[in-house]
Amino acid sequence: MPAYQWVESQRGAGALSLALVVGEAGDLAGYGGPARVWKRFGLGVLDGQRQRGVANDPELAIRMGYNPRRRSIAYVLGENLMKLNKGEYRAIYDARKAIEIARVPKSKTQKKHAHLRAMRYITKRFL
């Protein structure tokens with residue numbers, strides 16, 4: 001695969017990460033843009049809301065297109081990029097977390113929300 005050399009050069013990602021992404025998404029060249037790949041992995045924004053599972057509204061659930069397994073793959077990929085990559089992705093994570101801390105109102109969960117939003121951001125950047 002043409003992307004293999006690039007993925008291998010990114011600390012925190014590797015052949016398994018690429019295999020999981022391609023296995024779940026298929027041919028990445030067939031997507032109209034990065035936002036469509038993000039939606040495939042549960043990272044999309046629809047009508048101003050983050051993509052999520054919906055139990056009581058079948059129409060919204062279909063529109064959201066949420067798949068817990070694919071979202072889990074994206075989450076683990078983001079964790080690996082944040083924890084193992086001391087270069088580009090860690091710098092992006094730290095900068096984004098600072099922005100998110102300023103955005104999120106002060107509360108007990110402020111740092112956790114900022115962390116999760118920053119992880120979502122770097123995962124989207126990678127995908």
Neighbour count above 12 (heavy atom, 6.0 Å) for His115 NE2: yes
Sequence-distant partners of Tyr75, side-chain contact (heavy atoms from CB on, under 4.5 Å), two or more places apart: Arg71, Glu79, Leu116, Met119
side-chain contact (heavy atoms from CB on, under 4.5 Å) against Lys39, all qualifying residues, sequence neighbours excluded: Leu46, Gln51
Donor-acceptor under 3.5 Å (Lys86 side chain, Lys83 main chain): yes
Main-chain N/O of Gln49 paired with Asp47 side-chain donor or acceptor, under 3.5 Å: no
For [X] versus [Y], what's the shortest heavy-atom pair and its separation?
{"X": "Leu18", "Y": "Tyr4", "value": "CD2-CA, 3.8 Å"}
{"X": "Leu43", "Y": "Ala74", "value": "CD1-CB, 4.1 Å"}
{"X": "Arg40", "Y": "Ala25", "value": "NE-CA, 4.0 Å"}
{"X": "Gly78", "Y": "Thr123", "value": "CA-OG1, 3.1 Å"}

Same apolar cluster: Leu77 and Val22, side chain cutoff 4.5 Å: yes
Which value, rounded to the nearest 0.5 Å, describes the distance between [X] atom [atom1] and [Y] atom [atom2]?
{"X": "Ser17", "Y": "Leu81", "atom1": "OG", "atom2": "CG", "answer": "7.5 Å"}
{"X": "Tyr31", "Y": "Trp38", "atom1": "OH", "atom2": "CH2", "answer": "14.0 Å"}
{"X": "Met64", "Y": "Arg50", "atom1": "CE", "atom2": "CZ", "answer": "8.5 Å"}
{"X": "Phe126", "Y": "Asn80", "atom1": "CZ", "atom2": "CG", "answer": "10.0 Å"}
{"X": "Glu88", "Y": "Ile122", "atom1": "CD", "atom2": "CD1", "answer": "10.0 Å"}
{"X": "Arg120", "Y": "Tyr93", "atom1": "CZ", "atom2": "OH", "answer": "15.0 Å"}

NZ/NE/NH1/NH2 to OD/OE distance under 4.0 Å, Arg96 and Glu100: yes
Could you go through residues 6-16 and list every donor-acceptor pair under 3.5 Å that involves a side-chain atom there, pairing it with any protein atom two or more places apart or in another chain?
{"residue": "Glu8", "atom": "OE2", "partner": "Ala15", "partner atom": "N", "Å": "2.9"}
{"residue": "Ser9", "atom": "OG", "partner": "Trp6", "partner atom": "O", "Å": "2.6"}
{"residue": "Arg11", "atom": "NE", "partner": "Leu84", "partner atom": "O", "Å": "2.7"}

